[in-house]
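Since the structure is predicted, the reported quantities are computational estimates derived from the model, not experimental observations. Just follow the structure's listing: the first ligand is 1, and inside any ligand the first atom is 1. Count residues from 1 along the sequence.
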Amino acid sequence: MTKLSVNINKFATLRNSRGGSNPDVVKAAMDAEAFGANGVTVHPRPDERHIRYADVRAIRPLITTEFNIEGNCQEQKFIDLVLEVKPHQVTLVPDALGQITSNHGWDTLRHADYLREIIGVFKAAGIRTSIFVDPVINMINGAAETGTDRVELYTEPYAVHFALDREAAVAPFTAAAKRAHELGLGINAGHDLDLQNLQFFARNVPHLAEVSIGHALVCDALYYGYENTIQLYLRQLK
Ligand SMILES: CC(=O)[C@@H](O)[C@H](O)COP(=O)(O)O
Ligand SMILES: NCC(=O)COP(=O)(O)O
């Protein structure tokens, strides 16, 4: 069954908005696991707009499922943090500094040498690697050449087009997953997945190991409660 990794970035957004410690981000990570999630994802951005480096250090020793750290490996500070805390998985995302959120995958052909080198560093430290990619066959082929363990399919385009034509929206992801599997790559996915679009995605993308979901899940939790919301998302993956 596809695993659910809860991205708790937006708990930190709410906490930072008042400068205090409420909501407790560490508790949000622990409760995600207690409520049935298969993992916790954080994305400490260089400006620490939500998840802070201190949050990552505090959470790491308490994780009993899987800890996934996403970030821009072009920042030495990020590389050092990951090697220090040694999560189960690091997901490399090619964000520029000022981006409001992640909005594209790696050009795995143009950045092949760089990705191969940094992936080798994390793998040598015993950390599973995943790289954020668009569902483009050439990019999947390029990802395989980097030595990464997994790819994470960037799913915003799917979410945007889902309501209009779900079959057309999922088709590139189905094809990309089949190609990735042929090449021996593990398959993750994330960005803008939600209670409406998740089940169709999971049923039409083969070999899907993990989805990481944050923004919509936290928004839903405001209405349905955190524990109930995690259960609702898990039911979409059955
Ligand atoms: C890489 C990706 O799509 C998400 O993991 C990212 O963490 C979202 O970042 P924000 O929560 O800052 O929008
Ligand atoms: N990798 C995707 C992720 O962790 C969360 O993305 P979103 O659900 O906040 O859009």
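- Under 4.0 angstrom from ligand 2, the non-hydrogen atoms of Glu70 all belong to its side chain.
- Taking the six-membered ring for Trp and the full ring otherwise, the centers of Phe173 and Tyr154 sit at least 6.0 Å from each other.
- Neither side chain, Asn22 nor Arg15, offers a donor N or O lying under 3.5 Å from an acceptor on the other.
- The nearest heavy-atom contact from the protein to atom 8 (O) of ligand 2 is Gly214 N, 2.8 Å.
- Side-chain N/O atoms of Ser5 and Glu210 include no donor and acceptor closer than 3.5 Å.
- In this structure, Leu193 does not count as a contact residue of ligand 2, since none of its heavy atoms falls inside 4.0 Å of the ligand.
- Smallest separation of non-hydrogen atoms from Ala96 and Asn72: N-ND2, 4.5 Å.
- Here the closest non-hydrogen pair linking Ala168 and Pro172 is O-CD, 3.3 Å.
- Residues Ile187 and Ala177 approach most closely at CD1-O, 3.3 Å, considering heavy atoms.
- Protein heavy atom in closest approach to atom 1 (N) of ligand 2: Glu152 OE2, 2.5 Å.
- Of all the listed residues (Ser212, Ser5, Ser130), Ser212 holds the heavy atom that lies closest to atom 3 (C) of ligand 2.
- Classified by interplanar angle (parallel below 30°, tilted 30° to 60°, perpendicular above 60°), the ring pair Phe78/Phe122 is perpendicular.
- Checking Arg52, Arg49, His50 one by one against Asn16, the side-chain hydrogen bond (donor to acceptor under 3.5 Å, both in side chains) holds for a single residue, Arg52.
- If you check the side chains of Asn103 and Gln99, you find a donor sitting under 3.5 Å from an acceptor.
- When Glu156, His215, Glu210 are checked for heavy-atom proximity to atom 7 (P) of ligand 2, His215 turns out nearest.
- Atom 6 (O) of ligand 2 has its closest protein heavy atom at His191 CA, 3.7 Å.
- For ligand 1, the protein residues placed under 4.0 Å by at least one non-hydrogen atom are Asn7, Asn9, Lys10, His43, Arg45, His50, Glu70, Val93, Thr101, Ser102, Phe132, His191.
- Atoms of ligand 2 lying under 4.0 Å from any heavy atom of Gly190, numbered from 1 in the order shown and given with element: 2 (C).
- For atom 10 (O) of ligand 2, the nearest non-hydrogen atom of the protein is Asp192 N, 2.8 Å.
- Nearest protein neighbour of atom 4 (O) of ligand 2, counting heavy atoms only, is Asn7 ND2, 2.8 Å.
- Other residues, nucleotides and ligands contribute only 12 or fewer heavy atoms inside 6.0 Å of the NE2 atom of His181.
- Counting atoms of ligand 2 from 1 in the listed order, those under 4.0 Å from a heavy atom of Thr41 are 4 (O).
- No salt bridge links Glu84 with Lys77; every basic N to acidic carboxylate O contact stays at or beyond 4.0 Å.
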